[in-house]
Amino acid sequence: MTIHRDGQWLVATRTEHVACEREQGMYRLSLLPQQLVTASQAVAGLAIAEIVDQWGPLLWETNPNTAMVWSLIGMHARTLGLDALDAVIRVQQSEWPMTAAERAEWNR
């Protein structure tokens, strides 16, 4: 799981979700676009997105491994004021900017 900065963007290697710095230290996160979040909250959101994208349908199976993963998601989700299920659904249902033009529009 790698999250890094690319200009004003925080991007992750295992998900298409992104965060864009809107003002000093405040980000717009693709899975929670209606509010600005801190850098640590943006990283937590991208970590959730990476976990969800990596686990895919296996996330919905019942076993000790997925229970551990749901706990990890819940830990990150609390940083955003969400519960684990809400965070997972937001990751799976959100749209994110893919092209430079979409990113420019999303950044307005």
**OP:** Take Val88 and Trp60 through the test side-chain contact (heavy atoms from CB on, under 4.5 Å) and record every step on the way to the result.
**Re:** CA-CA 11 Å; Val88 169; Trp60 302 105; 3.7 Å; yes
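- A donor-acceptor contact shorter than 3.5 Å links the side chain of Trp70 to the backbone of Leu59.
- No donor-acceptor pair closer than 3.5 Å links the side chain of His4 to the backbone N or O of Leu10.
- Residue Ala49 comes nearest to Leu31 through the heavy atom pair CB-CD2, 4.2 Å, listed as atom of the first residue, atom of the second, then distance.
- By the 4.5 Å heavy-atom criterion applied to side chains, Leu82 and Ile48 are not counted as neighbours.
- Here the CD atom belonging to Gln41 is positioned 3.5 Å from the OG1 atom belonging to Thr38, to the nearest 0.5 angstrom.
- Side-chain contact between Ile73 and Val52 is present, with heavy atoms from C-beta onward closer than 4.5 Å.
- In this structure, Asn65 CG and Asn63 CG are separated by 5.0 Å, a value rounded to the nearest 0.5 Å.
- A donor-acceptor pair is defined here as one N or O able to donate and one able to accept, closer than 3.5 Å; such a pair exists between the side chain of Glu50 and the backbone of Arg14.
- Distance check: Arg90 CZ to Leu85 CG gives 11.0 Å after rounding to the nearest 0.5 Å.
- With Ser30 contributing its side chain and Val18 its backbone, the two residues share a donor-acceptor pair below 3.5 Å.
- What you find for Leu29 and Ala19 is that their closest heavy atoms are CD1-CB, 4.0 Å.
- With sequence neighbours left out, Asp83 forms a salt bridge (Lys or Arg N to Asp or Glu O under 4.0 Å) with no residue at all.
- Residue Gln34 places its CD atom among more than 12 non-hydrogen atoms of other residues, nucleotides or ligands, all under 6.0 Å distant.
- Nearest heavy atoms, Ala12 versus Ile3: CB-CG1, 4.0 Å.
- Within the 4.5 Å cutoff, the side chain of Met26 has no heavy atoms near those of the Val37 side chain.
- With hydrophobic clusters built from ILVMFWY side chains whose heavy atoms lie under 4.5 angstrom apart, Val69 shares a cluster with Val91.
- Taking Arg78 as the reference, nothing meets the salt bridge (Lys or Arg N to Asp or Glu O under 4.0 Å) condition, with sequence neighbours excluded.
- Interatomic distance, Gln35 CD to Arg28 CZ, rounded to the nearest 0.5 Å: 11.5 Å.
- Once rounded to the nearest 0.5 Å, the distance linking CG of Leu46 with CG of Asp53 reads 10.5 Å.
- The backbone N or O of Gln8 sits nowhere less than 3.5 Å from a side-chain atom of Glu21 that would complete a donor-acceptor pair.
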